[in-house]
Every structure is written in C-alpha cells, then in structure tokens.
J.: 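This is the structure I want to talk about, given as structure tokens.
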Amino acid sequence: MTSQTAPRGIRRADRARQVADVLRQQIHTGTFDTALPGESDLAAEFTVSRNTVRDALALLRDEGLIERAPKVGTHVAQRKYDHGLDALRGLKETLRGHGEVRNEVRAARRITPPPAVARRLRLEPGEPAVYLERLRFLGDLPLSLDLTYLVPDIGDEVIARDLESNDIFALIEELGGRPLGSADVALEAITADAHSAATLQIPEGGALLLLERLTKLEDGRPVDLEYIRLRGDRITMRGSLVRPIDSPDWRLI
C-alpha cells in the first residue's frame, strides 16, 4: 500500500475523520507550536492521499482550530483549555496558569427552588435556596454560564462575599473551615439556544458542554447544585479512568 492509497473498503471521508481526530488531539496538547506539517508530510505520516489530508484539515478549519492560506500553510488558530473530570475543582483552580478568571454576577438572591432542585438539595417543601447566575471569563473570553443553587445557610453567607473573583468552592470551604467532599456529575453535549449563544459569544446552535454537578460536604450533605454551560469550542473535558478489579468481563477474555 502506497502513501497515496487508502485501505480498501474504507471511504475517504472515514479516513479524513480518523486523521482529523489525531491532529485535533495534537493541536490541543501543543504538539504543533504554530504551524502544522505540510500536506505531503501528513499524507506520508498517515498513509493516506493528499486529498484525504485536505478533507481532514477542512474539518478542523470548520471547527475553528486551524487557519489555512495559499503559500502560507496551515496554522493553529486556537487551542482548548482542559477541564478535569477526575478531581473536584472550580474553574479558577482549573485554569490557574492560563490567566485570570473573573465572574460577571447576573443574579444572586433567595428563591423558592423547583421541587426537583429542592429534593436533590434535601430541602423541606417551601424552604428557600440561594440562586446564583454567573458569566465566567478568562480574560475577555466568555467560557461558561453557570446556574447555581445553594442550600440557604451556606448560600446566604456566600452571596455576602466577593463573587466576582472567587470560585464558589473556595468560598464554601473558607466559610465552613473544611474541604468539600465529593460530587455527582453528568456531562452531555447540547446546542446553544439563542440567549446562551449571545451571552457566550458563539453562533446560535453552536456546541456547548452541559455539566450538571451536585457537590457535597465531607459528611455527604448536598450543598451546591450547578448547571454549567461550557463553550465546546474552547473547553475539553479530560480525566483518568481505572478499570475496576471486580469487573466480570475481564474474566471472559
């Protein structure tokens, strides 16, 4: 098989996606300083045709990751920021070293929460919660829109503090004098509605990551329920997974 011949039975579009997936990871991890290798070099590296390489680069260009120009070549346009899934950290902690995270506080008040929220926070019927809405920036770049429900005894103290420059996690731990314990998380891909898109400065229908996180104290008491919309074009969720030793499937190998 030559560098110009794709494996039999695999369509060019499929090969282009395979190439794009590898290049995307390399872009995110800084393999390329600014410029990507030329088409001929990439074709040889991936054992595909130059047309397949062009298709792969077109996918990455449409995602906004690279820029291409005649006689100039292919350059990295932007990289994503990693957000870990294997440790309980706020955005300010996560992006430490990349710049200053600041918050635009859009709401901070007591409300009567929806029953489903009250149940997850173990609140009595009619018991209030504290609701926060924050637009979070890295420098001038809006990265996430966070909707947060807090139990009232903690929430009342949190909203009396500086919410523009602090993570909620740090404030809860400072007020309680002890670290948080754990969180239940769910992550899914959604498209941006018109309001969210305008707020986060992305096209309507653009990719968002919705992180739902219920955070608990060390004793298991839930105190913080968040719905966080993260820009899918600027955030990558990463974590390390360990195969459980009691998994029954490995015995079948």
Side-chain angles (χ1 to χ4, degrees), residues 25 27-30 78-108 120-121 129-151 153-190 196 199-202 207-242:
Q25 187 273 338
I27 290 170
H28 293 333
T29 55
Q78 63 181 19
R79 292 187 175 91
K80 292 188 178 184
Y81 300 103
D82 288 348
H83 194 301
L85 277 175
D86 49 7
L88 186 54
R89 294 189 179 97
L91 191 66
K92 189 179 181 74
E93 296 172 299
T94 296
L95 298 180
R96 184 174 290 129
H98 291 290
E100 184 62 27
V101 173
R102 63 180 178 86
N103 308 315
E104 177 187 306
V105 181
R106 301 162 65 89
R120 297 193 68 188
L121 290 175
V130 170
Y131 174 74
L132 299 177
E133 183 173 322
R134 296 167 299 151
L135 179 60
R136 314 199 67 187
F137 293 84
L138 179 63
D140 294 326
L141 176 71
L143 281 184
S144 73
L145 179 62
D146 298 12
L147 280 57
T148 304
Y149 299 88
L150 295 164
V151 293
D153 56 315
I154 291 176
D156 286 342
E157 293 192 71
V158 165
I159 60 175
R161 299 298 185 97
D162 174 17
L163 297 176
E164 293 186 355
S165 57
N166 284 304
D167 278 337
I168 298 300
F169 287 170
L171 292 174
I172 293 175
E173 291 179 331
E174 179 185 332
L175 291 165
R178 55 179 177 168
L180 290 165
S182 62
D184 300 326
V185 299
L187 180 67
E188 60 181 306
I190 63 172
S196 297
T199 302
L200 289 167
Q201 299 177 20
I202 63 173
L208 291 177
L209 297 171
L210 178 61
L211 177 65
E212 176 194 301
R213 183 168 60 196
L214 178 65
T215 303
K216 306 170 186 178
L217 300 178
E218 286 181 303
D219 61 6
R221 179 195 176 198
V223 293
D224 177 347
L225 176 61
E226 298 171 284
Y227 297 91
I228 303 173
R229 287 168 171 80
L230 297 151
R231 284 182 54 164
D233 64 333
R234 301 312 300 268
I235 294 288
T236 297
M237 308 300 291
R238 294 191 185 275
S240 298
L241 304 178
V242 177

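Numbers for residues simply follow the sequence, beginning at 1. These numbers come from a predicted model, not from an experiment.
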J.: Donor-acceptor pair, distance only, cut-off 3.5 Å: does the side chain of Lys80 make one with the backbone of Gly232?
T.: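 Side chain of Lys80 to backbone of Gly232, a donor-acceptor pair under 3.5 Å: yes, one is there.
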J.: Using a 3.5 Å distance criterion without hydrogens, assess whether the side chain of Asp167 forms a donor-acceptor pair with backbone atoms of Lys92.
T.: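 Pair found, side chain donor or acceptor close to backbone of Lys92.
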J.: Taking NZ, NE, NH1 and NH2 as the nitrogens, is one of them in Glu174 or Arg161 under 4.0 Å from a carboxylate oxygen of the other?
T.: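 Judged by the 4.0 Å cut-off on N to carboxylate O distance, Glu174 and Arg161 do form a salt bridge.
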J.: Side chains of Lys216 and Leu180, heavy atoms from C-beta outward: is any pair under 4.5 Å?
T.: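 Not in contact.
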J.: Could you tell me whether Asp153 and Arg221 have a side-chain N and a carboxylate O separated by less than 4.0 Å?
T.: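 Arg221 and Asp153: salt-bridged.
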J.: Just by modelled atom types, is the Glu164 backbone N or O under 3.5 Å from a matching donor or acceptor in the Asp162 side chain?
T.: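 Yes; judged by distance alone, with no hydrogens or angles, the pair exists.
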J.: Between Glu104 and Arg106, is there a salt bridge with N-O shorter than 4.0 Å?
T.: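 Salt bridge between Arg106 and Glu104, a charged N being under 4.0 Å from a carboxylate O: yes.
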J.: Measure the CD1-CG distance between Ile168 and Asp224 for me, rounded to the nearest 0.5 Å.
T.: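 Result: 7.0 Å between the selected atoms.
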J.: Answer yes when Asp146 and Arg136 have at least one side-chain N-carboxylate O distance shorter than 4.0 Å, and no when they do not.
T.: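 Result for this pair is yes, salt bridge flagged.
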J.: Hey, what do you get for CG (Asn166) to CG (Asn103), rounding to the nearest 0.5 Å?
T.: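 It comes to 8.0 Å.
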J.: Are Leu143 and Leu95 close enough that some pair of their side-chain heavy atoms sits under 4.5 Å apart?
T.: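 In contact.
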J.: Which residues pass the side-chain contact (heavy atoms from CB on, under 4.5 Å) test with Thr94, sequence neighbours left out?
T.: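 Here the qualifying residues are His83, Arg89.
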J.: Quick one, Val223 and Leu150 - any side-chain contact, counting heavy atoms below 4.5 Å?
T.: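 Contact flag for Val223/Leu150 side chains = no.
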J.: What's the spacing between Gln201 CD and Asp140 CG if we round to 0.5 Å?
T.: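 Answer rounded to 0.5 Å: 9.0 Å.
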J.: With a 3.5 Å distance limit and no angle check, can you tell me whether Asp86 reaches the backbone of Ser240 through a side-chain donor-acceptor pair?
T.: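 Pair found, side chain donor or acceptor close to backbone of Ser240.
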J.: Do any N or O atoms from the side chain of Glu93 and from the backbone of Gly90 form a donor-acceptor pair under 3.5 angstrom?
T.: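 At least one qualifying donor-acceptor pair exists.
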J.: List in chain and number order the residues that pass side-chain contact (heavy atoms from CB on, under 4.5 Å) with Ala107, two or more places apart in sequence or in another chain; answer none if no residue qualifies.
T.: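 Applying side-chain contact (heavy atoms from CB on, under 4.5 Å) to Ala107 gives Arg109, Tyr131, Glu133.
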